[in-house]
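Because only heavy atoms are used, hydrogens play no part in the values below, and waters and symmetry mates are left out as well, while side chains stay in. All residue numbers in this chain count up from 1 along the given sequence. Everything numeric here is computed off the predicted structure, so don't read it as measured data.
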Amino acid sequence: MKLSQRVKKIFIGGLIGIFLFTVVGFFALPPILKSVLIKKLSEKLHRKVVIQEINVNPFVLSLKVRGFAVKERDSSQTFISFEELFVNLQSVSIFKKGPIFSEIRLEKLYLNVKRNEDLTYNFSDLLAQGKPEKTAELKPPRFSLNNIQILNGSVDFWDGPRRTHHTVKDLNIAIPFISNLPYLVETYIKPSFEAKFNNHPVSLKGKSKPFADSHETMLDVNIKDLNIPYYLAYVPFKMNFKVLSGYIDTMATISYVEHSEREPSINIKGNLVLREIRVRDQEDDFLNIPVINIKNLGVDLVEKRVVVGKFSTQEGIVTIRRAKNGKLNLETLLPPSDEKAEKPWLALFNKLLLEKYTVRFQDMQPYRTVKLSAEKVRLDMENVSTAKDNTASTALSFALGRKGSVSANGSIGIDPAVADIKLDVRGIDITPLQPYFTDKIKIIVTKGYITAQGNLSVGYSKASGMKAGYRGDASVLSFSSIDKANADDFLKCKSLHLNNVDAGYNPLYVKINGIALTGFYSRLVLNADGSLNAQNILEVQGEKAKGVPLAQGQDKAGLDKGKETAGLIRIKKVTLQGGTVNWFLSRICGCFLVLEDRQGSDIVQVP
């Protein structure tokens with residue numbers, strides 16, 4: 001009997017306990033939690049806090065909060081809110097000596113962020129609150145958070161100084177677990193992130209060991225149609241150009257690993273596509289590129305190294321301008337580089353390919369603007385690098401003018417700047433280049449085309465400056481010119497061929513094995529003072545620059561004193577064939593004029 005009475009009491013006590021546990025958990029605890037949370041959070045945040053409902057299930061150890069909102073400090077606008085928060089604690093937490101949540105779910109999270117004109121934010125006062133006092137470093141408690149989800153969230157960001165509004169919609173974050181329990185430390189966490197930034201989809205997926213010694217983390221980034229101009233307001237330097245349009249598509253992986261004996265490594269690998277790029281400088285559009293494909297991109301942010309497997313682009317238009325002061329528009333687009341940088345970036349392009357490009361050049365420095373346009377530009381380079389003493393194999397070709405073409409094949413280096421190129425130039429029209437030399441000669445070129453085949457070498461060093469050399473042949477075809485003074489024909493020729501040219505700069509020299517002039521016509525005039533019109537073909541610079549002092553160390557010819565000037569130009573043989581020379585001898589004696597005419601078409605060789 002006594003045993004049955006004791007069992008009966010335990011049973012009744014258990015029922016009462018379960019009843020009280022149920023009543024307190026389901027009915028008493030929720031309003032108490034609601035009241036306490038509203039009061040404490042309002043005091044702590046200095047903002048009005050609203051909670052519509054709290055539900056507790058004591059049997060499954062779950063908590064549900066609905067209709068949570070925090071208002072702005074001085075207004076009724078919402079600062080942060082969510083529709084529902086659900087957490088589920090597992091009873092096994094007692095045995096694991098730390099909280100273990102089987103699920104944490106946050107639905108319709110909303111965050112309203114504002115950047116004020118004084119560069120503060122609408123939450124800056126929360127960050128300015130007193131920092132917690134330092135306490136003795138304790139071992140972090142064990143925990144395990146599982147099935148973490150943020151569903152259908154959104155963010156509004158108003159940037160007052162930039163007058164720009166950004167939105168994040170359809171925000172979804174999923175994290176399978178985060179745990180520092182010993183048996184899970186070396187297990188990858190695989191989070192995912194999806195959202196629309198300003199209506200452009202962004203997807204991130206990754207894996208991480210946040211509590212392992214290496215903190216190894218990898219993040220897969222998938223971005224589509226990211227609008228470049230919209231975010232350029234946050235570039236940390238002044239841009240002297242304006243990006244009118246441009247979009248980025250990328251699929252990349254970002255990795256982070258800590259090492260015990262060296263700096264952490266941060267790497268980016270993937271593919272990048274830039275589309276509909278249109279950029280304007282202070283005058284007009286200078287860059288218009290439909291697409292740029294960058295494949296197998298690798299960036300080491302710690303070692304400052306960029307490797308590109310293949311860089312390719314098609315059908316772009318580039319405009320290069322030189323102003324009256326001699327500066328190119330490309331020079332003024334970016335701020336000057338920091339020469340004091342500790343370590344320069346190293347770039348390597350395994351393959352660089354430009355196809356069907358148009359490069360327009362406008363030079364406003366001469367008295368008349370020079371306009372040139374290279375069409376069908378194709379540039380194919382391999383092993384392009386900023387590494388010292390590296391050279392890249394290069395193949396360049398383009399059309400210039402109606403008949404002209406240029407092809408160049410060889411090697412080019414960046415550090416130091418060197419080039420060894422085999423040139424093939426055909427049918428380049430001279431007349432568009434007239435403004436470059438019209439102030440140096442007293443004739444006007446009305447027609448002429450340049451052709452050349454040979455090897456061009458260029459080098460530059462700080463010690464010796466620019467050096468250049470050319471070896472090969474060159475020709476001027478269908479040439480005609482007139483005298484500026486009276487607009488009479490001065491020289492015409494079917495061809496002027498320079499054979500085996502060896503020319504160089506620094507030191508300056510020209511060696512020509514032979515000059516052949518064929519099918520020519522020349523009009524030579526003996527003036528009344530006994531001078532020939534050809535004798536004064538060059539403009540005397542001193543006539544236009546009287547009173548300008550010579551540079552120190554230069555003579556009247558502009559050559560450095562002490563340097564040998566003889567033998568700068570050597571011509572082994574000159575051949576004249578099939579030509580006509582008209583002589584006009586003019587003498588004025590009293591009242592009569594004597595003109596004599598002589599024509600000849602024999603072959604003349606001048607050794």
Side-chain angles (χ1 to χ4, degrees), residues 96 98 100-101 104 137-150 168 171-195 197 201-224 226 231 234-236 248-274 293-311 338 341-351 383-388 390:
K96 296 296 184 180
I100 298 178
F101 290 90
I104 301 175
E137 187 173 346
L138 301 175
K139 186 177 180 180
R142 294 182 174 185
F143 67 90
S144 178
L145 311 179
N146 300 274
N147 297 321
I148 304 169
Q149 302 173 74
I150 298 177
V168 180
L171 172 64
N172 293 285
I173 300 175
I175 304 175
F177 73 92
I178 300 177
S179 176
N180 65 353
L181 297 180
Y183 71 94
L184 291 175
V185 166
E186 293 296 333
T187 302
Y188 280 112
I189 298 171
K190 297 182 179 180
S192 65
F193 174 96
E194 291 182 353
F197 282 81
V202 176
S203 174
L204 308 175
K205 293 183 179 180
K207 56 182 182 178
S208 176
K209 298 178 182 178
F211 302 105
D213 292 338
S214 65
H215 293 158
E216 183 180 355
T217 300
M218 284 178 283
L219 185 65
D220 295 329
V221 181
N222 188 355
I223 299 176
K224 183 74 173 175
L226 185 67
Y231 301 96
Y234 304 100
V235 173
I248 293 177
D249 301 335
T250 183
M251 295 183 65
T253 298
I254 304 172
S255 63
Y256 172 85
V257 180
E258 289 187 5
H259 307 277
S260 58
E261 298 180 355
R262 58 187 176 92
E263 292 183 344
S265 59
I266 306 174
N267 294 282
I268 303 173
K269 295 182 179 180
N271 298 323
L272 181 67
V273 178
L274 304 175
N293 286 289
I294 301 175
K295 294 184 177 180
N296 299 325
L297 170 67
V299 181
D300 189 329
L301 296 178
V302 176
E303 295 296 328
K304 293 185 176 181
R305 178 183 173 89
V306 178
V307 178
V308 177
K310 183 178 181 180
F311 180 103
D338 184 7
E342 295 180 1
K343 183 179 180 181
W345 279 82
L346 178 67
L348 170 63
F349 292 77
N350 293 323
K351 179 79 170 179
N383 191 37
V384 184
S385 176
T386 57
K388 190 172 180 62
N390 180 82

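- A donor-acceptor contact shorter than 3.5 Å links the side chain of T386 to the backbone of A347.
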Let me see the working for V221 and I223 under side-chain contact (heavy atoms from CB on, under 4.5 Å), right down to the final yes or no. CA-CA 6 Å; V221 181; I223 299 176; 3.7 Å; yes

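- With hydrogens and angles ignored, the 3.5 Å screen pairs no side-chain donor or acceptor of N350 with any backbone N or O of K310.
- The side chain to side chain contact (heavy atoms under 4.5 Å, CB included) test applied to I266 returns Y256, L301, V302, not counting sequence neighbours.
- For D220, the side chain to side chain donor-acceptor pair (under 3.5 Å) partners two or more places apart in sequence, or in a different chain, are T253.
- Considering only residues two or more places apart in sequence or on other chains, K205 meets the salt bridge (Lys or Arg N to Asp or Glu O under 4.0 Å) condition with none of them.
- The side chain to side chain donor-acceptor pair (under 3.5 Å) search around S265 returns H259, not counting sequence neighbours.
- Contact record, N222 with M251: OD1-CG, 3.8 Å, taken as the closest heavy-atom pair.
- Across F311 and V308, no two heavy atoms sit closer than the pair N-CG1, 3.9 Å.
- Side chains of L226 and Y231 form a contact here, defined as non-hydrogen atoms less than 4.5 Å apart.
- In this structure, the separation between CD1 on I254 and CD1 on I268 is 5.0 Å, given to the nearest 0.5 Å.
- Proximity of L297 to V306: side-chain heavy atoms (C-beta onward) are separated by under 4.5 Å at one or more points.
- To the nearest 0.5 Å, atoms CD1 (I148) and CZ (F101) are separated by 10.5 Å.
- For the pair I248 and L272, the minimum side-chain heavy-atom distance is below 4.5 Å.
- Residues that satisfy the side chain to side chain contact (heavy atoms under 4.5 Å, CB included) test with E194, not counting sequence neighbours, are S203.
- Legend: residues meeting side chain to side chain contact (heavy atoms under 4.5 Å, CB included) with A195, ordered by chain and number and at least two apart, are V168, L171, F193, F197.
- For R305 against L348, the heavy-atom pair with the smallest separation is NH2-CD2, 4.1 Å.
- Residues meeting the side chain to side chain donor-acceptor pair (under 3.5 Å) test with N383, sequence neighbours left out: N390.
- Under the rule for a side chain to side chain contact (heavy atoms under 4.5 Å, CB included), K269 has no partner lying at least two apart in sequence or in another chain.
- Under the 4.5 Å side-chain criterion, counting only non-hydrogen atoms from C-beta, N296 is in contact with N271.
- Between the S385 side chain and the L346 main chain, no donor and acceptor come within less than 3.5 Å of each other.
- Partners of Q149 under the side chain to side chain donor-acceptor pair (under 3.5 Å) rule, at least two apart in sequence or in another chain, do not exist in this structure.
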